[in-house]
Structure formats: structure tokens, C-alpha cells
Amino acid sequence: YGGGGCWDAETCNPDSKTYIYASTIEPNRHPDQLNGIFDLDHPENPVAGYSMVAIPVCTGDAYLGDRDATYTLETESGDKQTFTIHHRGQTNTMAVMDWILDNFESPREIFVTGSSAGGVGTPFYANFLARHYPSARVVGLGDDAGSWGITGTGGADPGQWGIPDVLQPHPGWEKFDDSLRVEHLYMTAARNTPNLRLYQFDHAHDEKQGFYLKLTGAEDTDVLRYLRANRQSIREQVPEFRSFIVGGFAHTVLLDKRFYNYQTDGHRLSDWVAAIVAGEPVTSVDCGDDCLRPGLVYNEEDLQIVERVIELLSAPDVWNQEDKGGNCPKKAKRYSLRCATVQAVRDVTGQTPGGLRNLPSAAWDVIYTATDRLEHRGRGDVVRWFNNHEDTKVEDVIALLEEVRDRIRKNLSNR
């Protein structure tokens, strides 16, 4: 899972604006509540038949720490407040590794993957399992963690987690003596493990990765530039390494419905991962010069959803120009663009989308088209911002929806 990371009093303090890690394991992060590779009923899930071990994190160290760190925070009154964070992610994860070794004698195939902070830890644990199961075919796939590299992490201090001392005792990691950088994790993991293949997926303008780059003192926050630089470094030493970059600003995909709805340059992400899982060769995929929005796969339901939104908002005096946020009521008399989209999803699919993870492609197209209208790249509440903008009229809302509808129609007719 994702869970962020922290390394000083500001980033580790829950009361700080830069508090950036998950300190608790929430019930809604249980696999039963998630989509993507945890949707075991999806006909295109490449790992639905696998035994699964899911590892949450609440230690602020990308699964790699083995230290307790005491941080001192100076309050506005001048008082000093100290608190301790137990950066014991590797301690916890190695307990899981021990359980795996005890319960799986000779697996044929092992698929190790992690999102965000989990993507940082993925190459190490994929390497660990590849060494312990030399007859198994092992895959490691990082999800939206590829920009953390030599040019973009100067302000972070993973030494608080015990890096590199924590990693060096493990075979093959004895010379891991630099700061924590994703490209070096991948290079080190690939050495002397012929049964291991490593991969990365990222969004070109991932807003969360951009936030981390800014927080660590990067000279700029161009995520795509860092992704391409890091991947070039990896390929120079690991020629068989492959990657996939999709357009857009979202963060992580493996636990989302979008896992089945993304494509770049004709390559569907779920098919690309399925080929990897099956041991088939794949090429690296890059969004090229068109990376502001992801390529989306649509179906007839997507067309029905956007047509239903148009129907709802075309009725007289139905559009609500003041979207105050929060949950959208069912069968309301007036709808903002956001709530009309939610209601249309309910009407067409019979289900209420539970947050961004479960939105269909039509709804994501509305989000990105609103982004285009506002020339605003960050996700946030962009649909609500567009809806509430002083210059937005109901005609503008309908025009946006008609653009989305026409794009979906064209996509479906070209199949």
C-alpha cells in the first residue's frame, strides 16, 4: 500500500501542514474495499488466481526503516515539543516475509507490487523473494514512485530510517551506501538475480510526486523530467527494465478501477501488466508529447453516463451554480456538475462511486476536461471549481459535457 514517508519534525508532525504519512491503518484500506488488482471478479484481472499477501504501512518509511527517531518541533510560543516515530517498516515487512517463507515452499511465480511508498520498497522485497526462491519467476512493479531520484531528493533524510545500514546486511546490498534513490534501489535489486524482472508505472504529472519533489527541495517539480531521467539511468545498467507512463496528474492506479481503463499509444495498461505476469516480453510505453491527460478506455456505460448528465442538467432551473462540496444527495431537485455526474453513475450502474478510486472513465473525462477549461493541472476539486467559477454558465457546463460525449462516441465508433 501507499502510506507516505517523513524524515523531520515538520513532515512527521500530525499537526503540520506538511504532515505526509499515514500513521494509522484505516478499515477502508482493506482489500475487500478496493478495486484494481483486488477486484477478484474482474474478468481481466491478471492476478485473480494468485495467493495474495497484502501489507499495510503506518511507519512513514516506505517499508524500509528499522529505527526509532525522536524529532523536536518548536511551537509558535517558542516551546520545544519532542515526539518519537517508530520507523519500523522493514521490521514489520520482514515478519511478513518470514511468514511467506514458512507457508509457500516452492512458488512458481511471484508478483511483488506496491503503490506510492510501497513502490519505493518494491524492488528490495522483490529482490529478497527472488533470492530465496531462485526457481521462481519473480516480477517487481512499482506504482507511481519513479521520480524519487538523485536530482530530486536533496532535502529528504532517509538516514532517520536507518538507511543505508538497514539494507546493507542483506545479500547483494552490502555496497548500498548512498541516500535512498529509486533508480539505485532498482539497479541494486537487479544485480545477481536472473529470475527477477523489474518494472515501473507512473502518471506523467502525478501531483503527489510533485508535492514530494517540492518538499525535498527539488530545483523544479517537473515529475515527467525526473521519471525519464531516472528510467534512463536504470536502463543503462538493467537493459531488460521496462516502464509505462500515462498522462495526467492522478496518483497510483493498481488499487483503482482505472487500472482497467488506462491506455497509452494503443497499449492498454491492464494488458501490459497481464503480459508481464504471464512472462511475456513487453516494450516500454511513454505518453510522449501528449501527457496532460491519460488515454482512457470507454464502454457503452460511459456514453450512457455522460448522456444522463446532459439530460439532468438540460432541464430548466436544475443546474446548481454553488457546489459546497461534501456528499451528493440522491434524487435532488438541483445538481451541480459534480453531483449530476455522481447521480448519473448511480442511475446507469446502480452504484454510488466511493471516491476517486471507483470512478468510471466518463467521470474522469469530465474531470480532465474541466481541468482543460481552467488550465489548472492539479486534481483537487477541479470540477467543483469549474462549476462555481463566476464566469461559468449552464451553457458552458453543457458544452463541456457534449465535448466528453462526442469524444466517447468517436472512441467507441473507431473500435
Side-chain angles (χ1 to χ4, degrees), residues 1-7 20-23 25 29 37 52-67 69 85-101 110-132 138-149 153 156-173 176 178-191 193 196-202 206 208-209 212 216 230 234 238 241 243 251-255:
Y1 292 82
C6 71
W7 50 83
I20 51 173
Y21 84 101
S23 59
I25 306 300
R29 302 178 77 199
I37 61 172
M52 292 188 176
V53 181
I55 311 174
V57 67
C58 60
T59 51
D61 58 7
Y63 295 84
L64 296 173
D66 192 15
R67 294 286 188 277
I85 302 295
H86 304 283
H87 295 299
R88 299 284 180 167
Q90 186 177 106
T91 311
N92 295 342
T93 309
M94 290 307 296
V96 179
M97 294 298 110
D98 290 342
W99 184 91
I100 290 173
L101 299 183
I110 302 173
F111 179 61
V112 183
T113 188
S115 296
S116 193
V120 177
T122 288
F124 174 81
Y125 294 104
N127 171 277
F128 177 88
L129 290 171
R131 289 178 178 276
H132 279 267
V138 184
V139 165
L141 170 64
D143 174 16
D144 268 324
S147 67
W148 188 281
T153 56
D157 181 17
Q160 298 282 8
W161 310 342
I163 306 297
D165 296 343
V166 173
L167 299 181
Q168 288 178 345
H170 295 274
W173 296 81
F176 193 87
D178 59 324
S179 61
L180 192 64
R181 304 200 295 257
V182 165
E183 75 269 36
H184 281 202
L185 286 168
Y186 273 76
M187 294 171 190
T188 305
R191 293 187 190 121
T193 47
L196 173 63
R197 292 292 180 270
L198 294 169
Y199 305 85
Q200 287 180 353
F201 166 85
D202 287 274
D206 182 337
K208 191 63 68 70
Q209 292 195 59
Y212 268 90
T216 57
N230 289 348
I234 296 171
V238 189
F241 167 77
S243 59
H251 182 59
T252 77
V253 73
L254 286 172
L255 311 184

Asks: A side-chain contact here means heavy atoms from C-beta on lying under 4.5 Å apart; do Q200 and D144 qualify?
Replies: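 No, too far: nothing below the 4.5 Å cut-off.
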Asks: For a quick check under 3.5 Å, do H86 and T59 share a side-chain donor-acceptor pair by atom type?
Replies: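 Note: H86 and T59 side chains miss the donor-acceptor criterion.
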Asks: Taking all heavy atoms of L101 and all of H132, pick out the closest pair and write down the distance.
Replies: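 Nearest heavy atoms, L101 then H132: CD1-ND1, 3.7 Å.
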Asks: Quick check: closest heavy atoms across D165 and P169, and the distance to 0.1 Å?
Replies: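 Looking at all heavy atoms of both residues, the shortest contact is O-CD, 2.9 Å.
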Asks: Calculate, to the nearest 0.5 Å, the distance between atoms CD1 and CH2 belonging to I163 and W7 respectively.
Replies: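 Nearest 0.5 Å value for the CD1-CH2 distance: 13.5 Å.
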Asks: Is there a side-chain contact between D202 and Q209 (heavy atoms, below 4.5 Å)?
Replies: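 Answer yes - side chains close enough.
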Asks: Measuring from atom CE of M187 to atom CG of L198, what distance do you get when rounded to the nearest 0.5 angstrom?
Replies: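 The distance works out to 11.5 Å.
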Asks: If you compare all heavy atoms of L196 against all heavy atoms of A130, which two are closest, and at what distance to 0.1 Å?
Replies: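 That closest heavy-atom pairing would be CB-CB, 4.0 Å.
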Asks: If I compare all heavy atoms of A126 with all of G140, which pair ends up nearest, and what's the gap?
Replies: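 For A126 versus G140, the nearest heavy atoms are CB-CA, 4.0 Å.
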Asks: With rounding to the nearest 0.5 Å, note down the distance linking OH in Y1 to CG in D143.
Replies: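 Those atoms lie 13.5 Å apart.
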Asks: Can you check whether H170 and F176 have ring centres sitting under 6.0 Å from each other?
Replies: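 Ring centroids of H170 and F176 are no less than 6.0 Å from each other.
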Asks: Report yes if the distance between the aromatic ring centroids of Y186 and F241 is under 6.0 Å, otherwise no.
Replies: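 Yes - the distance between ring centres of Y186 and F241 falls below the 6.0 Å cut-off.
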Asks: Is there side-chain contact between L185 and W173, with at least one heavy-atom pair below 4.5 Å?
Replies: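 L185 reaches W173 side chain to side chain.
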Asks: Quick one: OG on S243 to CZ on F201, what's the gap to the nearest 0.5 Å?
Replies: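 Output value for this atom pair is 11.0 Å.
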Asks: Please walk me through it: do I110 and V112 pass side chain to side chain contact (heavy atoms under 4.5 Å, CB included)?
Replies: CA-CA 6 Å; I110 302 173; V112 183; 3.8 Å; yes
Asks: Would you say R131's side chain and P171's backbone share a donor-acceptor pair under 3.5 angstrom?
Replies: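 The answer is yes, because a donor-acceptor pair under 3.5 Å joins these two groups.
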Asks: To the nearest 0.5 Å, what is the distance between OH on Y125 and OG1 on T113?
Replies: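 So the OH of Y125 and the OG1 of T113 are separated by 14.5 Å.
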Asks: Whether the side chain of D66 engages the backbone of V166 through a donor-acceptor N/O pair (distance < 3.5 Å, no angle test) should be reported.
Replies: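 The answer is no, because no donor-acceptor pair under 3.5 Å joins these two groups.
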Asks: Below 4.5 Å, heavy atoms only, C-beta onward: do Y21 and I85 meet side chain to side chain?
Replies: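 Answer yes - side chains close enough.
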Asks: Using a 4.5 Å cut-off on heavy atoms from C-beta on, say whether the side chain of N127 contacts that of T188.
Replies: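 Not touching, per the 4.5 Å side-chain cut-off.
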Asks: Looking at every heavy atom in both A117 and G3, which two are closest together, and how far apart are they?
Replies: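 Scanning both residues completely, I find the closest heavy atoms to be CB-N, 3.8 Å.
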Asks: If the test is side chain to side chain contact (heavy atoms under 4.5 Å, CB included), which one of V138, L141, L129 qualifies with F111?
Replies: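 The single option meeting the side chain to side chain contact (heavy atoms under 4.5 Å, CB included) with F111 is L141.
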Asks: Please name the pair of heavy atoms, one in S116 and one in H251, separated by the smallest distance, quoted to 0.1 Å.
Replies: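 Taking S116 first and H251 second, the nearest heavy atoms are OG-NE2, 2.8 Å.
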Asks: Rounded at 0.5 Å granularity, tell me how far CD in Q160 sits from CZ in R67.
Replies: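 These two atoms lie 11.0 Å from each other.
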